[in-house]
Amino acid sequence: MGSNLFAELRVWVLQDVETLLPGLTQMHASIELTPTRDAVHGDMATNAALVAAKPAGRNPREIAARLAELLAKREGIAKAEPAGPGFVNITLTPEFLLRQLPVILDAGIAYGNGAAKGQKINVEYVSANPTGPLHVGHCRGAVVGDALANLLQKAGYDVTKEYYVNDAGAQVVALARSVYVRYLQALGRNLHAEAYAAQVPGGVQYGGEYLVPVGQSLAELYGEMFATAPEEQWLDTIREFAVAKMLELIREDLAALHVTHDVFTSERELVAAGGVERALQILQDRGLIYEGTLEPPKGKTPEDWEPREQTLFRATQFGDDVDRPVKKSDGSNTYFANDIACHADKMARGFNAMIDVLGADHGGYTKRMQAAVKALAGNGDARLDVVLCQIVRVMKNGEPVRMSKRAGTFVELRDLIDEVGADAVRFIMLMRKSDAQMEFDLNAAVAQTRDNPVFYVQYAHARCRSVLRAAGEPSGLAAADLSALTAPEELTLIRKLIAWPRLVEAAALAREPHRVAFFLYELAGDFHALWNAGRDDAALRFIQAEKPIETAARLALVSATSVIIRSGLGVLGVKPVEEMR
RNA sequence: GCGCCCUUAGCUCAGUUGGAUAGAGCACGAGACUUCUAAUCUUGAGGCCGGUGGUUCGAAUCCACCAGGGCGCACCA
């Protein structure tokens with residue numbers, strides 16, 4: 001079902017290398033069979049001779065020449081020849097290439113799915129504090145995390161998409177206080193609200209309009225009950241209520257972006273269930289917790305610095321720069337301690353592979369969390385990958401769009417979605433490596449031209465569908481006689497299609513969903529090129545009235561193309577369109 | 001001061017984990033097309049891959065140092 005042609009033919013290479021140089025099996029791992037960058041080099045190339053040269057003590061070109069002879073005898077290989085410093089370039093027979101089309105058609109959307117790896121991976125993303133609607137800054141992580149999880153799933157991992165709800169810290173207390181002000185206002189007690197706000201330590205933090213309805217709901221539910229009551233009587237109730245409401249808002253935002261999660265894990269519940277103590281105990285048992293005092297940070301000593309004895313975790317034993325506090329000087333747990341618990345909990349749930357998708361401002365957090373995971377794993381093989389998403393600058397008419405709350409422009413994610421649509425937001429966010437800063441051009445995102453990769457890919461799919469509709473949605477294309485497919489543009493397109501499984505595997509391994517977006521863009525380009533060829537030469541058009549055999553062959557190709565585009569868009573979470581309007 | 005990320009064509013960015021002559025799109029130059037599958041197409045030019053050393057058959061990719069940009073830097077979340 002996966003049918004990665006490159007993986008299959010690599011076996012041939014390994015067999016022939018073994019025939020040629022028996023016993024040198026330890027180098028097999030570094031032998032690869034890759035698509036050629038340039039079509040004049042054929043369909044595939046292997047570095048086998050280069051890799052083998054040193055252990056075999058022979059000239060790479062000589063090995064390449066002999067390997068080429070062996071490979072050329074294989075059925076399906078039209079030509080194999082040594083090239084450059086010791087590559088072997090392989091050209092497949094057209095028949096062999098064409099045989100892949102029915103494989104795609106039979107597998108459908110599942111083409112490119114990796115074999116089940118039996119490995120559980122936890123992908124945590126968004127995890128925004130439940131204190132308000134999502135803003136643009138959350139967007140990239142949400143999209144990258146969602147697409148990465150989809151990608152890993154397609155590659156054959158058992159993926160769980162997780163949202164870690166930070167509902168235990170000071171920020172949700174601040175939320176409760178902010179909501180309380182709205183509650184008083186809803187009761188018409190504006191003076192009372194002002195008086196309360198004035199004595200909140202640090203001031204009222206969340207002044208957004210989105211809390212107004214929350215205050216109103218509370219007023220309806222509880223009436224005057226909390227109006228004059230001291231904080232301790234309402235804090236828990238209102239905090240819980242507010243967090244639930246904020247999560248509703250966030251879920252709506254995520255839904256608008258077509259981002260989904262399998263589980264929402266509550267920090268509060270984890271803490272209440274003793275998760276932190278359990279996690280720290282594991283570290284304690286390994287002698288990785290001690291009481292000590294940290295040095296002030298070099299070069300930038302805070303004004304109010306004073307040495308304090310704290311409970312510390314020996315992060316330096318696992319590659320971090322300094323040991324990290326797990327308890328504050330007053331004995332309460334640090335946020336880091338809760339995060340250790342969060343990851344320990346995931347490990348307890350059977351995930352030995354975890355991925356955190358975080359914003360760039362959490363970059364300094366990577367080392368300590370990876371250190372903690374290593375420490376928790378002990379002799380186990382748990383691994384945490386952190387995917388950092390750099391800042392996005394939103395551009396309009398060549399100018400950066402201000403994100404200030406006062407200006408009221410594009411603070412909230414919803415505004416961005418309303419402006420360009422969820423599909424465009426997702427695709428464009430995925431057109432960049434996540435660890436590089438990017439510009440999001442609003443003009444390009446809605447343009448109906450090649451500048452806009454979403455449009456370009458969608459247009460290719462719509463063209464495929466349009467052709468198939470015009471042909472009356474033929475069935476049985478997988479059994480079509482394909483020998484009529486001989487045009488260079490057609491073969492180029494097929495080569496692109498069969499590269500899909502390999503791309504899925506590589507992109508998943510690298511945790512780089514953006515590669516899928518680029519692949520689709522290139523695939524769309526190849527398809528449009530074929531379409532355009534038909535414009536100059538009517539004989540290359542897909543539907544040939546008097547030639548049912550040619551037509552069926554071409555429709556098979558078109559159908560396979562649409563399948564792969566759908567498959568790729570599915571990974572990105574973008575809906576394929578049937579027609580352009 | 002320390003750590004992490006980034007630096008590739010005029011602009012926005014890829015570069016398949018170290019491979020062959022570093023690629024796209026936009027913008028720019030030249031040509032085609034008069035709506036036929038046109039929400040255009042073909043084609044050209046454009047590069048010291050930030051710099052300097054190193055590792056090896058081979059480096060944009062790995063290592064060291066330097067320069068520039070971003071993010072973070074006791075107990076906050």
Side-chain angles (χ1 to χ4, degrees), chain A residues 6 30 32 34-38 40-41 45 47 50 53-54 59-61 83-87 89 129 131 166 168-172 174 267 293-302 304-308 310-312 320-322 324-330 332 334-336 338-339 359-367 386 388 390-391 395 398 431-433 435-439 441 444 447-453 455-456 459 462-463 466-467 470 499 502-503 505-507 509-510 512 514-515 517-519 521-522 525 528-529 531-536 538 540-543 580-581:
Chain A
F6 292 88
S30 43
E32 43 185 26
T34 58
T36 55
R37 192 167 294 181
D38 193 331
V40 304
H41 294 134
N47 63 348
L50 288 163
K54 189 173 279 181
N59 182 324
R61 294 198 51 109
F87 291 100
N89 290 336
N129 285 340
T131 53
N166 295 117
Q171 77 282 0
V172 286
E267 178 184 13
T293 309
L294 289 173
E295 297 290 311
K298 293 190 184 87
K300 186 200 156 200
T301 306
D304 58 346
W305 167 263
E306 51 182 77
R308 286 178 185 139
Q310 294 175 289
T311 305
L312 303 171
D320 201 358
D321 308 312
V322 291
R324 303 289 178 177
V326 292
K327 286 185 189 296
K328 301 177 201 172
S329 45
D330 68 2
S332 61
T334 60
Y335 179 80
F336 179 50
N338 285 13
D339 253 6
D361 53 345
H362 290 73
Y365 210 67
T366 308
K367 275 192 191 173
V386 174
L388 285 184
Q390 291 289 335
I391 293 174
M395 304 289 285
M431 279 297 285
R432 298 285 176 266
K433 238 184 339 210
D435 56 6
Q437 293 168 30
M438 73 172 286
E439 290 191 5
D441 186 339
Q448 307 256 301
T449 65
R450 189 168 187 171
D451 310 16
N452 182 358
F455 167 79
Y456 195 65
Y459 191 29
R463 274 180 160 172
S466 149
V467 168
R502 185 176 188 275
L503 185 117
E505 200 180 318
L509 194 65
E512 290 186 342
H514 77 277
R515 291 193 197 179
F518 275 92
F519 174 84
Y521 187 63
E522 288 165 12
H528 287 308
W531 183 286
N532 291 330
R535 221 179 46 178
D536 295 335
L540 284 173
R541 293 183 192 177
F542 300 113
I543 300 176
M580 307 301 286
R581 288 266 169 186

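Each chain gets a letter, A, B and so on, in the order its sequence line appears, and its residues count up from 1.
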For this session: Kindly indicate whether the side chain of Asn338(A) and the base of rA77(B) share any N or O donor-acceptor pair separated by less than 3.5 Å?
Result: no
For this session: Check the distance between rG70(B)'s P and Leu388(A)'s CG and give it to me in whole angstrom.
Result: 17 Å
All N/O pairs under 3.5 Å across the protein-nucleotides 59-61 of chain B interface:
none

Exercise. Can you list the stems that include RNA chain B, where a stem is three or more consecutive Watson-Crick or G-U pairs with distances under 3.5 Å?
Worked result: B:1-7 with B:67-73, B:10-13 with B:23-26, B:28-32 with B:40-44, B:50-54 with B:62-66
For this session: Nearest whole angstrom, please: distance from the P of rG25(B) to the CZ of Phe519(A).
Result: 17 Å
For this session: Just jot down the ring-ring contact (aromatic ring centres under 6.0 Å, His included) partners of Tyr521(A), sequence neighbours excluded, or say none.
Result: Tyr456(A)
Problem set entry | Interatomic distance where OH belongs to Tyr335(A) and C1' belongs to rC73(B) [whole Å] | 17 Å
Seminar exercise, completed: Separation of rC76(B) atom P from Asp330(A) atom CG, nearest Å, is 9 Å
For this session: Taking only the side-chain nitrogens and oxygens of Lys367(A), find out if one of them lies under 4.0 Å from OP1 or OP2 of rG3(B).
Result: no
For this session: For Arg502(A), report the nucleic acid contact type (base, sugar-phosphate, nothing); a contact means any heavy atom under 4.0 Å.
Result: base
For this session: Check side-chain hydrogen bond (donor to acceptor under 3.5 Å, both in side chains) between Glu505(A) and all other residues, then give those that pass, not counting sequence neighbours.
Result: Asn4(A)
For this session: Check side-chain hydrogen bond (donor to acceptor under 3.5 Å, both in side chains) between Lys433(A) and all other residues, then give those that pass, not counting sequence neighbours.
Result: none
Exercise. Do the side chain of Thr334(A) and the main chain of Pro325(A) share a donor and acceptor less than 3.5 angstrom apart?
Worked result: yes
Exercise. Distance between the C1' atoms of rA59(B) and rG54(B), in whole angstroms?
Worked result: 11 Å
Please list, pair by pair, any protein nitrogen or oxygen found under 3.5 Å from a nitrogen or oxygen in nucleotides 42-47 of chain B.
none

For this session: Round to a whole Å and report the spacing from CG of Leu503(A) to C1' of rU16(B).
Result: 7 Å
Exercise. Could you give the CZ-to-P distance, from Phe518(A) to rU16(B), as a whole number of Å?
Worked result: 12 Å
For this session: Using the P atom on both, measure rA22(B) against rG44(B) and round to a whole Å.
Result: 16 Å
Please produce a list of atom pairs where a protein N or O lies less than 3.5 Å from an N or O of nucleotides 6-12 of chain B.
{"from": "rC6(B)", "atom 1": "OP1", "to": "Asp435(A)", "atom 2": "OD2", "distance (Å)": "3.4"}
{"from": "rU12(B)", "atom 1": "O2'", "to": "Arg432(A)", "atom 2": "NH2", "distance (Å)": "2.8"}

Exercise. Can you tell me how far C1' in rG70(B) sits from the matching atom in rU56(B), rounded to whole Å?
Worked result: 34 Å
Seminar exercise, completed: Contacts of Asp339(A) meeting side-chain hydrogen bond (donor to acceptor under 3.5 Å, both in side chains) (sequence neighbours excluded), chain-then-number -> Tyr365(A)
Exercise. Listed by chain and number, what are the salt bridge (Lys or Arg N to Asp or Glu O under 4.0 Å) partners of Glu522(A), not counting sequence neighbours?
Worked result: Lys496(A)
Exercise. Base, sugar-phosphate, or nothing for Ala83(A), non-hydrogen atoms under 4.0 angstrom?
Worked result: base
For this session: Taking salt bridge (Lys or Arg N to Asp or Glu O under 4.0 Å) as the test, write out the residues that go with Glu512(A), two or more places apart.
Result: Arg515(A)
For this session: By nearest nucleotide on RNA chain B, pick out whichever of His362(A) and Met580(A) is the more 5' one.
Result: Met580(A)
Problem set entry | First of Gln390(A) and Arg308(A) reached from the 5' end of RNA chain B, by closest nucleotide | Gln390(A)
Problem set entry | Exam field: side chain Asn452(A) to backbone Gln448(A), donor-acceptor pair closer than 3.5 Å | no
Exercise. Contact class for Ala170(A) vs. all strands (heavy atom < 4.0 Å): base, sugar-phosphate, or nothing?
Worked result: sugar-phosphate
Problem set entry | Set of residues satisfying side-chain hydrogen bond (donor to acceptor under 3.5 Å, both in side chains) with respect to Asp320(A), sequence neighbours excluded | Arg324(A)
Exercise. For Phe455(A), which residues count as a ring-ring contact (aromatic ring centres under 6.0 Å, His included) partner, sequence neighbours excluded?
Worked result: Tyr459(A)
Problem set entry | For atom CZ of Arg535(A) and atom P of rU34(B), their distance in whole Å | 11 Å
Exercise. Is the distance from OP1 or OP2 of rG15(B) to the nearest side-chain N or O of His514(A) less than 4.0 Å?
Worked result: yes
For this session: Taking all non-hydrogen atoms of both residues into account, name the closest pair between Thr293(A) and Arg308(A) and its distance.
Result: CG2-O, 3.4 Å
Problem set entry | Length of the line joining Asn47(A):CG and rU56(B):P, which is rounded to integer Å | 19 Å
